[in-house]
Enquirer: 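What follows is a single structure, and I will ask about it in a moment.
What you see is a predicted model, and the numbers here were worked out from it, not measured in a lab. By convention in this document, chain letters (A, B, ...) are assigned in the order of the sequence lines, proteins followed by strands, and residues within each chain are numbered from 1.
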Protein chains: 2
Amino acid sequence: MSESNSVLIGRKPVMNYVLACITLFHGGAKEVNIKARGRAISRAVDVAEIIRRKFLSDVKVRNIDIGTEQVQSSNRNAPTNVSTIEITLVR
Amino acid sequence: MSESNSVLIGRKPVMNYVLACITLFHGGAKEVNIKARGRAISRAVDVAEIIRRKFLSDVKVRNIDIGTEQVQSSNRNAPTNVSTIEITLVR
């Protein structure tokens, strides 16, 4: 249930992810998790802010977690660290 | 007091900001605020993660706030919105 209400932010335009989250809320979700890694973290914050300021004013930020993941790149032996963010929106 | 313990993240290398925060903690600060806007938000998360994972393991994330600021650009009449983040680290 929690996993199915997650939106992973990638390189598409911000509005794609905004619409994905709004669709989940309109489908009855009480909670949506916005997840991102690395450079996409800024876009995740944009998505959360646009949703609650322009579209669903009853949506609140319940929690924000940051963390680090190890990524094994194909051309190097040592894994590299990448920062992560998870923004939990509730309605 | 609170304002003097803020580090604003810009376009310099991540380690510059990591060192700025560590210097504040070593100078006796109990709390350091990492602030960023727009694209620099990802870097702010990197700074917080590097500090607590590699340098000061007793530092915790106490709070993370996201928001929106209006920026008046010089070549357009309408102000544009930019996302912000403020990460509060405590020791």
Enquirer: To the nearest 0.5 Å, what is the distance between OG on A:Ser83 and CZ on B:Arg43?
Expert: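 Rounded to the nearest 0.5 Å, the OG-CZ separation comes out at 11.5 Å.
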Enquirer: Report the distance from atom CD1 of B:Ile41 to atom CG of A:Asp46, rounding to the nearest 0.5 Å.
Expert: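 One finds 6.5 Å between CD1 of B:Ile41 and CG of A:Asp46.
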Enquirer: With hydrophobic residues grouped by side-chain heavy-atom distances under 4.5 Å, do A:Phe55 and A:Val7 end up in a single group?
Expert: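 Yes; tracing contacts between hydrophobic side chains, which count when under 4.5 Å, links both residues.
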Enquirer: Can you tell which of B:Ile66, B:Asn63, B:Ile85 makes a side chain to side chain contact (heavy atoms under 4.5 Å, CB included) with A:Ile64?
Expert: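 Testing A:Ile64 for a side chain to side chain contact (heavy atoms under 4.5 Å, CB included) against B:Ile66, B:Asn63, B:Ile85 leaves exactly one candidate, B:Ile66.
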Enquirer: Assess the residue pair A:Asn81 and B:Lys54 against the criterion (side chain to side chain contact (heavy atoms under 4.5 Å, CB included)); give the C-alpha distance rounded to whole Å, side-chain angles, the decisive distance to 0.1 Å, and a yes or no.
Expert: CA-CA 11 Å; A:Asn81 290 325; B:Lys54 298 209 175 151; 4.1 Å; yes
Enquirer: Is B:Val32 reachable from B:Leu19 through a run of I, L, V, M, F, W or Y residues, each pair having side-chain heavy atoms under 4.5 Å apart?
Expert: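 Hydrophobic grouping puts B:Leu19 apart from B:Val32.
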Enquirer: Taking CZ in A:Arg39 as the centre, count heavy atoms belonging to other residues, nucleotides or ligands within less than 6.0 Å. Is the count above 12?
Expert: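 Open.
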Enquirer: Would a single hydrophobic cluster contain both A:Met15 and A:Val45, if residues Ile, Leu, Val, Met, Phe, Trp and Tyr are joined by side-chain heavy-atom contacts under 4.5 Å?
Expert: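 Yes.
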Enquirer: Taking every non-hydrogen pair under 4.5 Å, which of B:Ala40, B:Ala48, B:Gly67 racks up the most with chain A?
Expert: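 The answer is B:Gly67.
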Enquirer: Give, as side chain, backbone, both or neither, the part of A:Arg37 having an atom under 4.5 angstrom from any heavy atom of chain B.
Expert: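 Contact with chain B involves no heavy atom of A:Arg37 at all.
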Enquirer: Give the cluster check for A:Val82 versus B:Val14: same hydrophobic cluster or not, with ILVMFWY residues linked at side-chain heavy-atom distances below 4.5 Å.
Expert: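 A:Val82 and B:Val14: separate clusters.
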Enquirer: Against chain A, label B:Val61 side chain, backbone, both or neither, depending on which of its atoms sit under 4.5 Å from a heavy atom there.
Expert: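 Just its side chain gets close to chain A.
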Enquirer: What is the distance from atom CD of B:Glu69 to atom CD of A:Glu49, rounded to the nearest 0.5 Å?
Expert: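 The CD atom of A:Glu49 is 10.5 Å from CD of B:Glu69, to the nearest 0.5 Å.
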